[in-house]
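Step one of this worksheet: look at the structure below.
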Amino acid sequence: MHAGMAFEGGTSRPALFVGAAWAESHESPMIGELEGITFDLGREALPEEVAAWNIDIRPDGQGLPVGSGDVWTGEEVYIENCAMCHGDFGEAVGRWPVLAGGWDTLTHEDPVKTPGSYWPYLSTVWDYVHRAMPYGQAQSLTDDEVYAITAYLLYLNNLVDDDFELSNENFTEVRLPNEDGFFMDDREEGEIPAFSEEPCMENCKDSVEITMRATILDVTPEEEEAEVTEAAAETSDEPATEEAAAEEAPAEEGATEMAAVDPALVEEGEGVFRKCRACHQVGEGAVNRTGPHLNGVLGRTIGGLDDFRYSGVFEEAKAAGEVWGPENLGAYLADPRGAMPGTKMSFAGLRSEDEIAVMIAYLSTFEAQ
Amino acid sequence: APDPAITELQDWQVYLGDGVDAAPYGMPSKHESHVVRRTVEWLTADNVSSINFTPLHELDGIITPNGVCFERHHGGAAEIDPAEHRLMINGLVDKELVFTMEDLMRFPRENHVYFLECAANTGMEWAGAQLNGCQFTHGMIHNVMYTGIPLKLLLAEAGLKTNAKWILPEGADASAMTRSIPIEKALDDCLVAFKMNGEALRTEQGYPVRLVVPGWEGNMWVKWLRRIEVGDEPWHHREETSKYTDLLEDGTARRFTWEMDAKSVITNPSPQAPLTHGPGYTVLTGVAWSGRGTIPRVDVTLDGGKNWHQARMSGPSLNKSMHRFYFEFEWDGKPLLLQSRAHDSTGYVQPTKNQLREWRGENSIYHNNGIQTWYVNEKGEAENVEIS
């Protein structure tokens, strides 16, 4: 600052005071009592903004919009939007959640937790379907559709008859069977005192036996190649091996990148396909699951399997006679929702050109059967 | 014979290395490329609503590097443009407010190191030893320094009404994640955090802003935080009814089991980190944490619990943070049955798995903090086992 220049930087007032206790504490100080202090930051939320985001529903019905839906409508909407993962009758496909049944299983070895067997409140079903379902198309259902799906789930769980209609009017009259099956965390009354005794340090037991081993189950994921290579290097006297092996691999990859059906690419593609396996099958006996089977997908008309229910955008492509080739399939794999707006496929997309190339190489090895 | 690593000129002694800016945002050495998060595919229906695990056996100290902090998403990792991100506070407040990220950056902030543990960590081990490696048995945890705004400041800005008893944080992701949190916790030590270990939150950890709920189960630490509703009752949403409730043997279930009990695990040696050097002096190490305070003490046994030794704690001992322990010993080459047992600052002692099963049965999925056993054989290979 030049001599003589007036300083007009405004007031310099500390905005808050730290509680006195912090000075004695060895831990990081916490900001202290701030009663009456505000910072005048942010702005008031407009009513339409609060309405847009304030979608939560409570067991007492708070938050429920006006609307209704019956079991039969619910079945239609459910089959269209939910059955691909949860099964036509809530029995579930693969490891997706089971939505019906499970009665009297809560004391079994493998309890099945459904709205009918476990969930305490119906509002949770409505709220969750509305906020997060269908998976990959969240908040695309109308309020009436959510009422209808909820009614259908009650029907699948034997809790209402097939002529039932659920609405905001009768919603809180429906009680789920396991509402009273829950209680507040009681660890403080039992476990914590029991586990707060000074333990034995010396000669605590006479003998010790192994009663169970993880290797017998053998469900641990395999270590990947890099690690195996390294383990091998560790036991060898030649530390240079590891580096040589690590450097060779990428070189090989680069050289064969554009080859049509190179076995190395196919093998890599098989690895990348693990991301797809939950929904798509390939190879002998492949059938449609959450997604269509992919045998012969290259050269297939888009949306071309008769026995799979495609999204609208696929039906349009089919009507236009579009066919899957490496280019449009690559674009779809890179950005599913960008390439096919409205697709039901909830996959976010493959991240690299390499992954797309190996995936197409892999898929090209499966012919239509 | 002389060691060629000494007697022969190595490439790196002769040729120049990379200049600055070869990696403007640096990466670990290529020789560390095996240090990665890993998933267990059969656990979930697909890899979008899924989980992976922190490689605890490759780490030391108490801070988890951001790139290997385990991930758990319910609708994938949302990619959010911070300029388009808003945080709303609505409900039982005097003034419903909207903040931009720019607004948030003008609030006073604090720095704290906290562990974040998924309530399902070790959940696959309730019925017995299943996964071979502490990454898989205990890797749903990370421990970083958060920079964030005390939540109480934001709530005070909106002004709580007298009947404000609960908050409902909500995520901006495709699962619109929600959990009910009692107001006492919200006004105690919760943070609205935007940095971890000094850098912006990683996308998969909730960029640009997440809730930090110290000591409580990770599911409550809502990522991509877009809204906090204030109410007078809990909401009983999916993640606090159908999930994250602890089913007991008699078919009833505990709800709102928020605090993480004291727990520890030996990270080395362990199944993914065997003893490769043969008999002689060796370093055993591990981590311990408690949602109720600090860890003043960890005991270690080499003989399956016949005799215990106090381990050496090293590094800062911070509230609701991971602690590091070491136990150096001379290995005689005979098989070992290794266990660690954490004591927290409330006097609670980590129970055995069988003690826990006596209280909870085997169906509760969550909050398994039982003592872990590694069997180390004569070759130094380690295996996940249970013992009498």
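Just so we're on the same page: letters track the sequence lines, and every chain starts at 1.
Looking at Glu170(B) and Ile55(A), their side chains come closer than 4.5 Å, going by heavy atoms from C-beta outward. At least one side-chain heavy atom of Leu41(A) sits under 4.5 Å from a side-chain heavy atom of Phe107(B). You'll find the side chain of Thr100(B) stays beyond 4.5 Å of the side chain of Arg43(A), heavy atoms only. Using a 4.5 Å heavy-atom cutoff, the side chains of Trp235(B) and Asp127(A) are not in contact. Here the side chains of Val98(B) and Glu49(A) are in contact, with some heavy-atom distance below 4.5 Å. Side-chain contact check for Val219(A) versus Gln130(B): some heavy-atom pair is nearer than 4.5 Å. You'll find the side chain of Ile365(B) reaches within 4.5 Å of the side chain of Lys113(A), heavy atoms only. Considering only heavy atoms from C-beta on, Lys205(A) comes within 4.5 Å of Ile387(B) through its side chain.
Scanning both residues, Gly190(A) and Trp359(B), for their nearest heavy atoms gives C-CH2, 3.4 Å. Contact record, His237(B) with Thr124(A): C-CG2, 3.5 Å, taken as the closest heavy-atom pair. Residues Asn132(B) and Thr220(A) share a closest heavy-atom pair of N-OG1, 2.7 Å.
With hydrogens and angles disregarded, a donor-acceptor distance shorter than 3.5 Å links the side chain of Glu157(B) to the backbone of Phe39(A). Remark: side-chain polar atoms of His309(B) are not paired, donor with acceptor, to backbone N or O of Met201(A) under 3.5 angstrom. Side chain of Ser388(B) to main chain of Glu209(A): a donor-acceptor pair is present (N/O by atom type, distance under 3.5 Å, no hydrogens or angles). Remark: side-chain polar atoms of Arg213(A) are not paired, donor with acceptor, to backbone N or O of Ala129(B) under 3.5 angstrom. Using a distance-only test at 3.5 Å, with no hydrogens or angles considered, a donor-acceptor pair links the side chain of Asn307(B) to the main chain of Asn203(A).
Proximity to chain B is limited to the side chain of Ala194(A), based on heavy atoms less than 4.5 angstrom apart. Only the side chain of Glu383(B) comes within contact range of chain A, with at least one heavy atom under 4.5 Å from a heavy atom of that chain. Heavy atoms closer than 4.5 Å to chain B are found nowhere in Thr105(A), neither backbone nor side chain. Contact of Glu198(A) with chain B is made through the side chain alone, with heavy-atom distances under 4.5 Å. Interface residue Cys200(A): only backbone heavy atoms are found under 4.5 Å from chain B. For Tyr128(A), the part lying near chain B is the side chain, with the backbone staying farther off; criterion is any non-hydrogen pair under 4.5 Å. Residue contact with chain A, scored on non-hydrogen atoms closer than 4.5 Å, involves the side chain of Leu337(B) exclusively. Heavy-atom distances place the side chain of Tyr118(A), and not its backbone, under 4.5 Å from chain B. With a threshold of 4.5 angstrom between heavy atoms, Asp104(A) does not approach chain B through any atom at all. Heavy atoms of Pro234(B) lying under 4.5 Å from chain A belong exclusively to its backbone.
Highest contact tally toward chain B, considering only Cys85(A), Gly94(A), Pro120(A), is held by Pro120(A) [criterion: heavy-atom pairs under 4.5 Å]. For the set Gly304(B), Gly159(B), Ala262(B), the entry with the most heavy-atom pairs within less than 4.5 Å of chain A is Gly304(B). Among His343(B), Glu358(B), Arg297(B), the residue making the largest number of heavy-atom pairs under 4.5 Å with chain A is Arg297(B). Of the listed residues (His74(B), Lys243(B), Glu41(B)), the one with the most heavy-atom contacts under 4.5 Å to chain A is Glu41(B). Residue with the most contacts toward chain A among Thr245(B), Asp299(B), Asp303(B), Asp173(B): Thr245(B) (heavy-atom pairs, distance under 4.5 Å). Of all the listed residues (Arg86(B), Met177(B), Gln310(B)), the one sharing the greatest number of non-hydrogen pairs under 4.5 Å with chain A is Arg86(B). Contacts with chain A were tallied for Glu249(B), Glu362(B), Gln355(B); Gln355(B) has the most, counting heavy-atom pairs under 4.5 Å.
A cation-pi contact, defined as under 6.0 Å to the ring centre and within 45° of the axis, links Arg226(B) to Trp53(A).
Checked for salt-bridge contact, Arg360(B) and Glu191(A) meet the test: a charged N lies under 4.0 Å from a carboxylate O. Contact check on Asp232(B) versus Arg58(A) returns a salt bridge, with a Lys/Arg side-chain nitrogen under 4.0 Å from an Asp/Glu carboxylate oxygen. Comment: Arg227(B) engages Asp56(A) in a salt bridge, judged by a side-chain N to carboxylate O separation of less than 4.0 angstrom. With respect to Arg254(B) and Asp186(A), a salt bridge is recorded, a charged nitrogen being found less than 4.0 Å from a carboxylate O.
Ring orientation note: the planes of Tyr121(A) and His236(B) are tilted relative to one another, at an angle of 30° to 60°.
The closest side-chain donor-acceptor pair between Tyr135(A) and Ser175(B), if any, does not fall under 3.5 angstrom.
For Glu189(A), the CD atom is densely surrounded, since the number of other residues' heavy atoms within 6.0 Å is greater than 12.
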